[in-house]
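A quick write-up on the structure given underneath.
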Amino acid sequence: MNIVLLDAETLGNVANLEKVKELGHLVSYPRTSPEQVQERIKDANIIITNKVVLGKSEIDAAENLKLICIAATGTNNIDLDYAKSRDIPVKNVAGYSTESVAQATFSMLLSLINHLSYYDEYAKNDYASSGLFTHIGPTIWELKGKRFGIIGLGNIGKRVAFIAQAFGCEVVYYSSSGKSRDEKLQRLELEELLTTSDIVTIHAPLNEKTKELIGKKELSHMKSNAILINVGRGGIVVESDLANALEQGELAGAGLDVFEKEPVASENPLLKINCPEKLIMQPHVAWSSQEARETLVEGIIQNILDANISI
Ligand SMILES: NC(=O)C1=CN([C@@H]2O[C@H](COP(=O)(O)OP(=O)(O)OC[C@H]3O[C@@H](n4cnc5c(N)ncnc54)[C@H](O)[C@@H]3O)[C@@H](O)[C@H]2O)C=CC1
Ligand SMILES: O=C(O)C(=O)CO
């Protein structure tokens with residue numbers, strides 16, 4: 001059985017990747033450009049991809065393809081409808097990074113509301129000569145009692161809700177999908193969630209309903225002291241509108257782990273905003289704790305075993 005892993009570098013150093021070799025003949029590429037995909041997968045029975053895009057032409061190029069394994073939870077890099085029409089199963093790994101992404105959500109949020117970068121820089125450069133034990137600079141506020149609005153209440157959204165409640169927040173959520181109802185939490189329409197929340201975090205997948213869900217109009221509904229965190233997918237937030245909204249003071253800050261184009265384009269307006277202290281950016285690492293990457297590989301192995309492929 002030919003297994004082709006297209007973007008091994010994205011998994012980092014995980015010992016259990018060796019176990020995939022016990023399942024078949026593994027050819028592992030650190031990275032694969034769009035131009036290289038078709039040649040590399042032409043003999044593959046199983047393709048493993050984290051973020052390499054497999055559309056119609058790529059799927060057609062792999063004539064003996066039996067399974068597509070996504071080395072991720074999000075499935076938006078695969079043409080799922082076309083794979084289905086060709087009877088090729090597509091398996092993602094659900095839930096492997098829930099803790100890691102929830103932790104990253106709060107890491108960015110707490111950094112922003114406690115102004116970590118500012119106070120770190122002050123302590124290292126100005127504190128010794130300040131003559132005062134403290135320094136009241138940018139305002140720090142407490143999470144307790146604040147309204148915490150979650151967009152997408154699945155595995156990650158629910159974990160974030162639990163932690164937000166532990167901080168004493170009032171959690172509300174928006175979901176267009178009936179699957180994620182939670183009777184214990186208040187469900188709001190998107191506009192009300194945006195208008196009334198002090199913190200908004202995004203944990204939805206990218207699909208037709210979520211694409212550009214948060215643009216100019218939605219950002220203008222947000223409270224001027226609010227913080228927006230997006231660890232779902234980049235295409236959900238319109239980046240040029242967010243850059244404008246931060247500059248205009250329509251919201252107080254944003255933490256982004258995901259971007260419409262990854263890596264970000266050098267002309268991305270977010271890289272050029274005139275208030276960089278209001279924005280934290282990460283290179284799509286919310287998922288990537290050591291524990292999560294090892295669990296991810298276990299999930300891929302299980303997906304291959306479950307598929308019970310015979311060649
Ligand atoms: N930044 C990162 O490193 C990572 C990002 N992700 C992203 O987070 C997403 C969610 O992950 P999980 O919670 O594990 O998945 P999940 O499938 O458990 O939850 C997704 C939730 O979003 C809801 N949803 C779907 N369409 C929606 C819409 N139009 N509006 C509001 N909610 C909607 C679904 O009903 C579901 O409850 C993934 O699809 C992926 O895009 C996931 C893992 C790592
Ligand atoms: O698992 C996911 O969906 C991620 O974004 C990490 O690759």
Side-chain angles (χ1 to χ4, degrees), residues 1-104 154-156 159 205 233 262 283-311:
M1 188 154 61
N2 292 327
I3 306 173
V4 177
L5 167 54
L6 290 172
D7 45 4
E9 190 181 327
T10 67
L11 299 175
N13 188 11
V14 271
N16 54 353
L17 198 52
E18 281 297 301
K19 288 206 259 172
V20 179
K21 290 186 182 156
E22 293 162 22
L23 306 174
H25 174 66
L26 174 68
V27 181
S28 178
Y29 298 100
R31 304 172 177 203
T32 300
S33 69
E35 299 72 34
Q36 292 169 322
V37 180
Q38 297 193 17
E39 174 62 22
R40 289 186 173 182
I41 63 176
K42 66 181 186 337
D43 297 322
N45 305 119
I46 299 174
I47 301 172
I48 305 174
T49 168
N50 187 335
K51 292 289 173 288
V52 174
V53 173
L54 299 180
K56 182 176 181 306
S57 50
E58 288 78 17
I59 293 171
D60 279 341
E63 285 180 13
N64 299 311
L65 190 57
K66 304 280 185 232
L67 176 67
I68 297 172
C69 282
I70 307 179
T73 299
T75 57
N76 52 293
N77 55 322
I78 311 294
D79 188 335
L80 296 175
D81 291 339
Y82 189 65
K84 193 169 179 193
S85 76
R86 289 265 328 268
D87 272 340
I88 296 166
V90 180
K91 299 284 176 201
N92 69 339
V93 183
Y96 76 94
S97 65
T98 300
E99 295 304 326
S100 187
V101 179
Q103 184 173 311
N155 286 321
I156 297 168
R159 188 66 184 145
R233 280 290 180 266
E262 296 177 347
H284 200 147
V285 289
W287 64 288
S288 68
S289 67
Q290 184 70 31
E291 292 87 343
R293 285 182 288 111
E294 283 167 13
T295 308
L296 173 64
V297 172
E298 288 306 323
I300 296 166
I301 291 170
Q302 197 55 52
N303 282 342
I304 295 175
L305 292 172
D306 290 348
N308 203 13
I309 298 164
S310 56
I311 302 297

Check whether the side chains of T98 and R159 place a donor and an acceptor atom closer than 3.5 Å, and report yes or no.
no
Determine the sole option in R293, K51, R31 for which the salt bridge (Lys or Arg N to Asp or Glu O under 4.0 Å) test with E9 is passed.
R31
Any heavy-atom pair between the side chains of L54 and I68 that's under 4.5 Å?
yes
Please name all residues satisfying side chain to side chain contact (heavy atoms under 4.5 Å, CB included) with Q103, sequence neighbours left out, ordered by chain then number.
none
Nearest non-hydrogen partners of S97 and W287, listed with the distance
CB-O, 3.7 Å
Side-chain (N92) to main-chain (T75) donor-acceptor, under 3.5 angstrom:
no
Which heavy-atom pair separates A83 from V90 by the least distance, and what is that distance?
CB-CG2, 3.6 Å
Counting C-beta onward and ignoring hydrogens, is there a side-chain heavy-atom pair between L5 and D7 closer than 4.5 Å?
yes
Determine the minimum heavy-atom distance between A286 and S100, stating which atoms define it.
O-OG, 2.7 Å
Looking at E18 and K21, is there a salt bridge between them, counting it only when a charged N and a carboxylate O are closer than 4.0 Å?
yes
So, taking the atom named CD1 in I304 and the one named CD1 in I46, what distance separates them when rounded to the nearest 0.5 Å?
4.5 Å
How many angstroms lie between atom CG of D79 and atom CD of E58, to the nearest 0.5 angstrom?
9.5 Å
Going by side chain to side chain contact (heavy atoms under 4.5 Å, CB included), name the residues that satisfy it together with N45, two or more places apart in sequence or in a different chain.
M1, N2, N64, K66, I311
From SG (C69) to CG (N50), nearest 0.5 Å:
12.0 Å
Any chance the side chains of E294 and Q290 put a donor and an acceptor closer than 3.5 Å?
yes
If I compare all heavy atoms of V52 with all of I78, which pair ends up nearest, and what's the gap?
O-CD1, 4.5 Å
